[in-house]
Student: 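One structure, as structure tokens, below. Some questions next.
Letters go in sequence order (proteins before strands), and every chain restarts at 1.
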Amino acid sequence: MFAFMSLALLVALVFSLFRALRGPTVFDRALASNSIGTGVTLLLIVVGFLNERPDFIDVSLTLALLNFVSTLAFLKFWRHGDLSHVGEEPVE
Amino acid sequence: MQSIIGMVLMTLLAVVMIGIIRLRNLFAVVIFGGIYSLLMVGLLLVLDAVDVAMTEAAVGGGLSTVLMLSVLYSTKEEEIRLVRMRAFPLFFMVVTGVLIFATWDLLPLAIADLPSHTHVSAYYLDNSLKDTGVPNVVTSVLASYRGYDTLGEVTVIFAAGIAVLVLLQGSRIAKKKVSRSDSISGSDSVSGLE
């Protein structure tokens with residue numbers, strides 16, 4: 001069961017990587033990178049259960065949090081050209 | 001099953017590397033660096049190196065992407081295609097060949113009963129829990145037995161981080177004086193730009 005799940009996740013990783021390689025715009029690549037991060041996070045959990053040692057879920061938690069933060073950082077840089085930008089002007 | 005997952009992940013890593021070599025858009029290269037370290041975390045966990053996987057997730061997945069982006073702030077978006085030099089790749093190949101030839105004289109590291117593996121490693125494996133109280137042997141060696149060594153490494157990494165910050169800050173001050181278009185024009189190397 002877990003073996004089949006990990007194989008399916010690997011196939012999903014291959015598809016996401018294909019989109020990252022082909023992606024015409026930068027946003028396709030950012031989205032592909034984010035979904036690869038999600039896939040690897042799930043793969044870590046499934047591999048932990050496959051080895052019957054699910055003690056290493058905190059690694060996948062770290063990966064999920066940092067994947068989110070780095071995607072946000074990338075998009076903010078793409079939008080403003082500066083990571084220390086305060087953001088949008090306040091809404092009226 | 002482990003080996004199948006490992007092989008698939010290594011193949012994906014090779015595909016990512018080829019993509020990095022072929023791409024010219026530096027934003028996409030930064031994204032591919034992030035993808036590489038994400039896949040590397042999976043591979044390291046499959047290979048049962050959990051502490052390295054944790055470090056790779058923290059440094060490779062999060063921090064290095066942000067650092068590379070702030071480096072991108074100081075440069076341009078597209079990579080300049082340089083004029084091909086024939087001599088340098090030949091030199092590189094020769095040096096690599098000599099180095100690979102030299103590895104034949106190294107000790108085969110995978111043999112478990114070499115003298116270098118039977119001297120202190122057995123002591124660490126037997127006594128680390130009793131000496132340090134840390135269940136993970138690798139952590140006890142890094143943080144307790146070789147604590148001063150680790151302190152020196154952390155100092156070096158801290159100094160390198162400060163140096164990178166100083167470099168980025170300096171380029172940002174210089175950019176305020178010279179505008180972006182002025183600073184890159186006026187040389188013949190721009191003509192090779194795509």
Student: Under 4.5 Å, counting heavy-atom pairs only, tell me which of A/N67, A/N51, A/V26 racks up the most with chain B.
Tutor: A/N51
Student: Could you tell me the separation between the OG1 atom of A/T62 and the CD atom of B/E56, rounded to the nearest 0.5 Å?
Tutor: 12.5 Å
Student: Which atoms of A/L44 come close to chain B, meaning under 4.5 Å heavy atom to heavy atom: side chain ones, backbone ones, both, or neither?
Tutor: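 Backbone plus side chain of A/L44, per the 4.5 Å heavy-atom cut-off to chain B.
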Student: How close do B/I35 and A/A20 get, counting heavy atoms only, and between which atoms?
Tutor: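 In this case the closest contact between B/I35 and A/A20 is CD1-CB, 3.8 Å.
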Student: Between B/I31 and A/F74, what is the shortest heavy-atom contact and its length?
Tutor: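 Result for this residue pair: CD1-CZ, 3.5 Å.
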Student: Any idea which of B/T65, B/L39, B/V46 has the most non-hydrogen atom pairs under 4.5 angstrom with chain A?
Tutor: B/L39
Student: Given a strict heavy-atom distance threshold of 4.5 Å, which part of B/V41 is in contact with chain A: side chain, backbone, both, or neither?
Tutor: both
Student: Under 4.5 Å between any side-chain heavy atoms of B/L12 and A/I36, yes or no?
Tutor: no
Student: Would a 4.5 Å heavy-atom cut-off, applied to side chains only, mark A/L21 and B/F32 as touching?
Tutor: yes
Student: Does any backbone or side-chain atom of A/L65 lie under 4.5 Å from a heavy atom of chain B? Answer side chain, backbone, both or neither.
Tutor: neither
Student: Is A/F15 linked to B/V8 within one hydrophobic cluster, defined over Ile, Leu, Val, Met, Phe, Trp and Tyr using a side-chain heavy-atom separation of less than 4.5 Å?
Tutor: no
Student: Would B/L9 and A/L43 satisfy side chain to side chain contact (heavy atoms under 4.5 Å, CB included), going step by step from the backbone distance to the final call?
Tutor: CA-CA 11 Å; B/L9 283 175; A/L43 184 70; 4.2 Å; yes
Student: Consider only side-chain heavy atoms of I, L, V, M, F, W and Y, link residues closer than 4.5 Å, and tell whether A/V59 and A/L63 are in one cluster.
Tutor: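 Same cluster: A/V59 reaches A/L63 through Ile, Leu, Val, Met, Phe, Trp or Tyr contacts under 4.5 Å.
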Student: Mind listing the closest non-hydrogen atom pair of B/M54 and A/D58 along with its distance?
Tutor: CE-O, 4.2 Å
Student: Between B/L38 and A/S33, what is the shortest heavy-atom contact and its length?
Tutor: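 Closest approach of B/L38 to A/S33, heavy atoms only: CD1-O, 3.6 Å.
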Student: Do B/L142 and B/V50 belong to the same hydrophobic cluster, where Ile, Leu, Val, Met, Phe, Trp and Tyr are linked whenever their side-chain heavy atoms lie under 4.5 Å apart, directly or via other members?
Tutor: no
Student: Are B/M1 and A/V47 close enough that some pair of their side-chain heavy atoms sits under 4.5 Å apart?
Tutor: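 Not touching, per the 4.5 Å side-chain cut-off.
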Student: Using the rule that Ile, Leu, Val, Met, Phe, Trp and Tyr join whenever any side-chain heavy atoms are under 4.5 Å apart, tell me whether B/I21 and B/L26 fall into a single cluster.
Tutor: no
Student: Within this structure, what is the CG-OG1 distance for the pair A/L13 and B/T11, rounded to the nearest 0.5 Å?
Tutor: 12.0 Å
Student: Starting at CD1 of B/I4, measure out to CG of A/L10 and round the result to the nearest 0.5 Å.
Tutor: 9.5 Å
Student: At a heavy-atom separation under 4.5 Å, does A/V69 approach chain B through its side chain, its backbone, both, or neither?
Tutor: neither
Student: Linking I/L/V/M/F/W/Y whenever any side-chain heavy atoms sit under 4.5 Å apart, do A/L75 and B/L69 land together?
Tutor: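 Linked, A/L75 and B/L69 end up in one cluster.
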Student: So what's closer than 4.5 Å to chain A heavy atoms on B/I18: side chain, backbone, both or neither?
Tutor: neither
